[in-house]
Amino acid sequence: MQNTATPTHCPYCALQCGMNLTPAPDGTVEVSERTDFPVNRGALCGKGRTAAAVLARDVRLTSPLVRDEGGALVPASWDEALERIAEALRRTRAEYGPDGVGVFGGGGLTNEKAYTLGKFARVVLGTSQIDYNGRFCMSSAAAAGIKAFGLDRGLPFPLEDIPRTGCVILVGSNLAETMPPSLRFLTELKENGGTLVVIDPRRTKTAEQADLHLAPRPGTDLALALGLLHLVIAEGRVDEEYVQERTVGWEDARAAAMAHWPEYVERITGVSVPQLRETVRLFCEPESAMVLTARGPEQQSKGTDTVGAWINLCLATGRAGRPLSGYGCLTGQGNGQGGREHGQKADQLPGYRKLDDPAARAHVAEVWGVDPDSLPGPGRSAYELLDALGTDIRSLLLMASNPVVSAPRAAHIEERIRSLDFLAVCDVVLSETAELADVVLPVTQWAEETGTTTSLEGRVLLRRQAVTPPDGVRSDLEVLHELAARLGVEKGFPTDPEEVFEELRRASAGGAADYSGITYRRLAEENGVFWPCPAVEAEEPAGSPSPATGSADPTADTAGRSAVVGDPASRPAAGDATGPAHPGTPRLFLDRFATPDGRARFVSVSHRATAEEPDDEYPVLLTTGRVVAQYQSGAQTRRVTELNAAAPGPFVELHPRLAARLGAAEGDPVAVVSRRGRAVAPARITNAIRPDTVFMPFHWPGEGRANSLTNPALDPTSRMPEFKTCAVRLEAVRP
Ligand SMILES: Nc1nc2c(c(=O)[nH]1)N[C@H]1C(S)=C(S)[C@@H](COP(=O)(O)OP(=O)(O)OC[C@H]3O[C@@H](n4cnc5c(=O)[nH]c(N)nc54)[C@H](O)[C@@H]3O)O[C@H]1N2
Ligand SMILES: Nc1nc2c(c(=O)[nH]1)N[C@H]1C(S)=C(S)[C@@H](COP(=O)(O)OP(=O)(O)OC[C@H]3O[C@@H](n4cnc5c(=O)[nH]c(N)nc54)[C@H](O)[C@@H]3O)O[C@H]1N2
Ligand code: SF4
Ligand SMILES: [Mo]
């Protein structure tokens, strides 16, 4: 291919940093600074800087693998590998019906792939049994956002708004390690006189930046938010006019909060009453403020209610749907936002439509050229799907996830995967899950193909192909095209990403996540477009003020526009593009929320315990998360020398007091035991963690696998597992 620099985006997290890629004559690829992308302005973390290492032939797969009679994975031709998969899926279908086949996707897949995977499941396989790893990621925040605002877009404003707000409360995000270039927005916030409150049971690199760090007991964020709302009410800081005009449900939410006295909340959370009061003061005094959540409060069996309580705090104080104020969720995976919009989720059709909505089914079925009645209904959530493997789901097609490492109660899930009749995995490397497959298909990755992702800001981006893929690999789109053909569906599965995107535009038209006004050409010229972006200029809904909503920000240009969402009547039909192009929607909700009446909904919620509270047998809380140098299950980053040097393996972070009780010194192996299993890793002793809590990163398989311990208790609404708390005991391991 060309050996000039190609501007593109990082393969890893949802920040989707811009970077330039240049192939070198020796076959390697150089990553260099790309300054025109406003989010990172050239800055990259170590993962981004070394991302090209995973393109090398010696770390990635370059031939399909099939299991031979002796049980070993051996190279095979594409034809043989694809035929084996088609044959197995046909057999399962004949024997067990369409729901005997499961599909599992990932938030790292481009929009085009996620869309095609969802369509493949519903149209070719006819199965309802599809879900994806985003369920383990931001699903609680998504559910809470839909309840409160009628729409889920992680951030309803661009990151560049953060430095200009008055106060940010960051709940359970360690973005200094998980999205390092974004730390600059917080630094600039403080330079501008704004304040930062960080809520994390650990004094992380992010918490070190805070004006105020609250270290609650894991799993108590719901009580904490309610306690803050109680103080807001008691101190007369409610924005009554806003509550009256822009919300419903206040009386019930108010009553629930009033039951959460500060002293009671202090007992539950361990956060002192003066700290609660100081948080309220910092949040309420400036003209604008934001609450941003990440996995800390979300990955709980009450994550949806917890995020709802934080949104309540924003609504009661008039800090949502106003310039420089609002609630946002920091989505995680590269396409964590787009991956949840176009149909790889169990209950969903493209454009963030609901699978059980007859109008949505009719619209999408028409685009797909099928009978709406042929579309299956909603299926199971990710954990429930994995838990059903080998029982009523007999064969699985898995794309872009490594659940052997990343699923909760992983030893059980590994056993479920082993009990399948047939497993096919598409991956770029031989992940721990791919090692268990009957057929492994080697696919192209980010720099080797073109596609779109939607960043945590809701900004749709073009990832461009920069290098030629090695011989022997094919794209996920080609795989789905080939399998569809072998299963009797010749049309409707194009291999050209732009052709898929053109269809996705039509399928999403009129939906909440409307991409119909976005084209590859625009994405290239405009450096990304924020959805919703309907095909023609949308009319303002009746009664809403004219575009003056952006006036607080003179630099905002198109950015001050508010979305016309949730109001299909005000939306022109797809295809009749006549007016000027829609500018996209950087800021949502400024005029109205996306609910039928335009008002936000309070939720009435109360504190409840975690699914597994500590007791005499398991007296300590385990929480889990990430380190800067490894990504997720580590399938990609554990193959990069530089990253392994920085983060060579798992560890158990614990307080000196716990370590002393255990008799463990720094680096000594410590066993962490829960009702689900046991993991052993070296002690990392620090007073930056609560004495009642230990922390493990989840990036590694084997003996130190954190997910051997985690509790799959699910949130009743989002079906998110409780990755962030379970009860454990510690044991010293004598060498
Ligand atoms: N280096 C790196 N970066 C990544 C990723 C990665 O794997 N590695 N993954 C990407 C993805 S998919 C995601 S989802 C994001 C995740 O990004 P983050 O949410 O920032 O990451 P985590 O480390 O999972 O959790 C954040 C913090 O929550 C805290 N926490 C634990 N329990 C609780 C609790 O009960 N309450 C509160 N308030 N906090 C708690 C932890 O101590 C941790 O510091 O990162 C993205 N970026
Ligand atoms: N204990 C604990 N467990 C957790 C979490 C936690 O905080 N604590 N966090 C959860 C969260 S937020 C997440 S997002 C999950 C993530 O966990 P996983 O779903 O396991 O995510 P990855 O490790 O990113 O796996 C992605 C796989 O897809 C491959 N891949 C990359 N690009 C492509 C592509 O284009 N096509 C195909 N076919 N494959 C590709 C990669 O090589 C890799 O093997 O883990 C969850 N698990
Ligand atoms: S912060 Fe995320 S997107 Fe940016 S370079 Fe690092 S991994 Fe890539
Ligand atoms: Mo995630």
Side-chain angles (χ1 to χ4, degrees), residues 9-19 31 37 39-40 43-51 54 60-61 104-110 113-114 117 132-139 172 175 177-183 294-296 298-299 330-336 339 382 398-410 425-434 441-446 448-449 451 453 455-456 475-477 479 622-626 628 630-639 696-699 705-711 720-724 726:
H9 296 271
C10 178
Y12 298 118
C13 86
L15 208 55
Q16 283 298 286
C17 293
M19 57 170 60
V31 175
F37 188 60
V39 171
N40 66 311
L44 296 171
C45 78
K47 298 185 297 301
R49 273 196 311 274
T50 58
V54 189
R60 55 99 58 85
L61 295 163
F104 201 88
L109 293 172
T110 59
K113 295 178 182 188
L117 189 64
Y132 80 119
N133 69 4
R135 189 73 75 161
F136 296 161
C137 187
M138 35 30 71
S139 59
L175 56 73
E177 295 209 52
T178 53
M179 297 179 182
S182 71
L183 193 59
R295 303 307 80 79
E298 298 170 14
Q299 289 174 328
L330 298 164
T331 297
Q333 299 184 81
N335 194 28
L398 183 138
M399 210 172 243
S401 180
N402 186 13
V404 165
V405 178
S406 59
R409 196 186 171 198
V425 173
C426 299
D427 207 310
V428 296
V429 295
L430 192 64
S431 71
E432 287 70 23
T433 308
L441 298 178
V443 293
T444 51
Q445 35 176 332
W446 60 294
E448 299 159 351
E449 56 187 19
T453 59
S455 78
L456 78 170
S475 77
D476 291 298
L477 292 178
V479 167
L622 168 72
T623 192
T624 60
R626 297 161 163 81
V628 65
Q630 296 289 353
Y631 189 69
Q632 314 273 63
S633 72
Q636 290 153 289
T637 48
R638 282 187 274 113
R639 289 173 165 80
M696 290 183 76
F698 77 97
H699 310 293
R705 177 172 68 182
N707 276 319
S708 299
L709 306 166
T710 47
N711 186 359
M720 161 74 82
E722 188 141 82
F723 286 117
K724 286 296 188 262
C726 71

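Index from 1, following the sequence. Both counts, for ligands and for their atoms, begin at 1 and track the order of listing. Treat the numbers as computed from the prediction; the structure is a model and nothing was measured.
- Note that the CG atom of Leu44 and the OH atom of Tyr12 stand 12.0 Å from one another [nearest 0.5 Å].
- At least one donor-acceptor pair closer than 3.5 Å links the side chain of Thr623 to the backbone N or O of Lys724.
- In this structure, Lys724 has a heavy atom closer than 4.0 Å to ligand 2.
- The protein non-hydrogen atom at the shortest distance from atom 2 (Fe) of ligand 3 is Cys13 SG, 2.3 Å.
- In this structure, Thr710 has a heavy atom closer than 4.0 Å to ligand 2.
- Regarding atom 2 (C) of ligand 2, its nearest protein heavy-atom neighbour is Phe723 CD2, 3.2 Å.
- Counting only distance, with no hydrogens or angles, the side chain of Arg626 and the backbone of His699 share no donor-acceptor pair below 3.5 Å.
- Listed by atom number, the atoms of ligand 2 under 4.0 Å from Cys137 heavy atoms are 12 (S), 14 (S).
- Distance check, rounded to the nearest 0.5 Å: CZ of Arg638 to CD of Gln630 gives 7.0 Å.
- Residue Gln299 has at least one N or O atom closer than 3.5 Å to an N or O atom of ligand 2.
- Interface of Val429 with ligand 2, defined as ligand atoms under 4.0 Å from a residue heavy atom, comprises 42 (O).
- Under the 4.5 Å side-chain criterion, counting only non-hydrogen atoms from C-beta, Cys137 is in contact with Arg295.
- A salt bridge between Lys113 and Glu449 is present, with a side-chain N of the basic residue lying under 4.0 Å from a carboxylate O of the acidic one.
- The side chain of Pro181, and not its backbone, has at least one atom closer than 4.0 Å to an atom of ligand 3 (non-hydrogen atoms only; side chain from C-beta on).
- Expressed to the nearest 0.5 Å, how far NZ of Lys47 lies from CE of Met179 amounts to 9.0 Å.
- Rounded to the nearest 0.5 angstrom, Ser431 OG and Leu398 CG are separated by 7.5 Å.
- Annotation: atom 42 (O) of ligand 2 to nearest protein heavy atom, Asp427 OD1, 2.6 Å.
- Of the polar atoms of Tyr631, none of the N or O atoms is found under 3.5 Å from an N or O of ligand 2, judged by distance alone.
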Check the pair Arg705 / Val404 against side chain to side chain contact (heavy atoms under 4.5 Å, CB included), numbers first and verdict last.
CA-CA 10 Å; Arg705 177 172 68 182; Val404 165; 3.8 Å; yes
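- Taking a cut-off of under 4.0 Å to the non-hydrogen atoms of Val428, the atoms of ligand 2 that pass are 42 (O).
- Proximity to Val443 (heavy-atom distance under 4.0 Å) selects the following atoms of ligand 2: 36 (N), 37 (C), 38 (N).
- Within ligand 2, the atoms closer than 4.0 Å to a non-hydrogen atom of Asn133 are 18 (P), 19 (O), 21 (O), numbered from 1 in the order shown.
- Residue Cys17: an N/O/S atom is found under 2.8 Å from atom 4 (Fe) of ligand 3.
- Heavy atoms of Lys113 come nearer than 4.0 angstrom to ligand 2 in at least one pair.
- If you look at Asn402 next to ligand 2, the close heavy atoms, those under 4.0 Å, come from the backbone and the side chain alike.
- Less than 4.0 angstrom separates some heavy atom of Tyr12 from each of these atoms of ligand 3: 7 (S).
- The nearest protein atom to atom 23 (O) of ligand 2, hydrogens excluded, is given as Ser633 OG, 2.5 Å; this is a heavy-atom distance.
- Nearest protein heavy-atom neighbour of atom 18 (P) of ligand 2: Ser406 OG, 3.3 Å.
- Looking only at atom types and distance, the side chain of Asn335 has no donor-acceptor partner in the side chain of Thr110 under 3.5 Å away.
- Looking at Asp476 next to ligand 2, an N or O pair under 3.5 Å apart turns up.
- Atom 8 (Fe) of ligand 3 lies at 2.8 Å or more from every N, O or S atom belonging to Cys45.
- Ser475 places no side-chain N or O within 3.5 Å of a backbone atom of Thr444 that could act as its donor or acceptor partner.
- The single protein non-hydrogen atom nearest to atom 8 (Fe) of ligand 3 is Cys10 SG, 2.3 Å, given as residue, atom name and distance.
- Geometrically, ligand 2 and Ser431 share no nitrogen or oxygen pair separated by less than 3.5 Å.
- Residue Thr624 has at least one N or O atom closer than 3.5 Å to an N or O atom of ligand 2.
- Residue-level proximity to ligand 2 for Ala400 is carried by backbone and side chain together, each with a heavy atom below 4.0 angstrom.
- Formation of a donor-acceptor pair under 3.5 Å by the Arg60 side chain with backbone atoms of Asp427 is not found in this model.
- The ligand atoms of ligand 2 that sit less than 4.0 angstrom from a heavy atom of Leu109 are 36 (N).
- With a 4.0 Å cut-off on non-hydrogen atoms, Met138 does not touch ligand 2 at all.
- Inclusion of Gln445 in the set of residues having an N or O under 3.5 Å from an N or O of ligand 2 is not warranted.
- Considering backbone and side-chain N/O of Arg295, none are found under 3.5 Å from N/O of ligand 2.
- For Thr624 (side chain) and Phe723 (main-chain N/O), a donor-acceptor pair under 3.5 Å exists by modelled atom type.
- Proximity to Ala635 (heavy-atom distance under 4.0 Å) selects the following atoms of ligand 2: 43 (C), 44 (O).
- Looking at Asn133 and Gln333, their side chains do bring a donor and an acceptor atom within 3.5 Å of each other.
- Around atom 9 (N) of ligand 2, the closest heavy atom drawn from Arg626, Gln636, His699 belongs to Arg626.
- Looking at Cys426 next to ligand 2, an N or O pair under 3.5 Å apart turns up.
- Interatomic distance, Thr178 OG1 to Leu330 CG, rounded to the nearest 0.5 Å: 7.5 Å.
- A tilted orientation is assigned to the rings of Phe136 and Phe104, their planes being inclined by 30° to 60°.
- Annotation for ligand 2: atoms under 4.0 Å from non-hydrogen atoms of Met399 are 38 (N).
- Neither the backbone nor the side chain of Met19 has any atom closer than 4.0 Å to an atom of ligand 3 (non-hydrogen atoms only).
- Side chain of Gln16 to main chain of Cys10: a donor-acceptor pair is present (N/O by atom type, distance under 3.5 Å, no hydrogens or angles).
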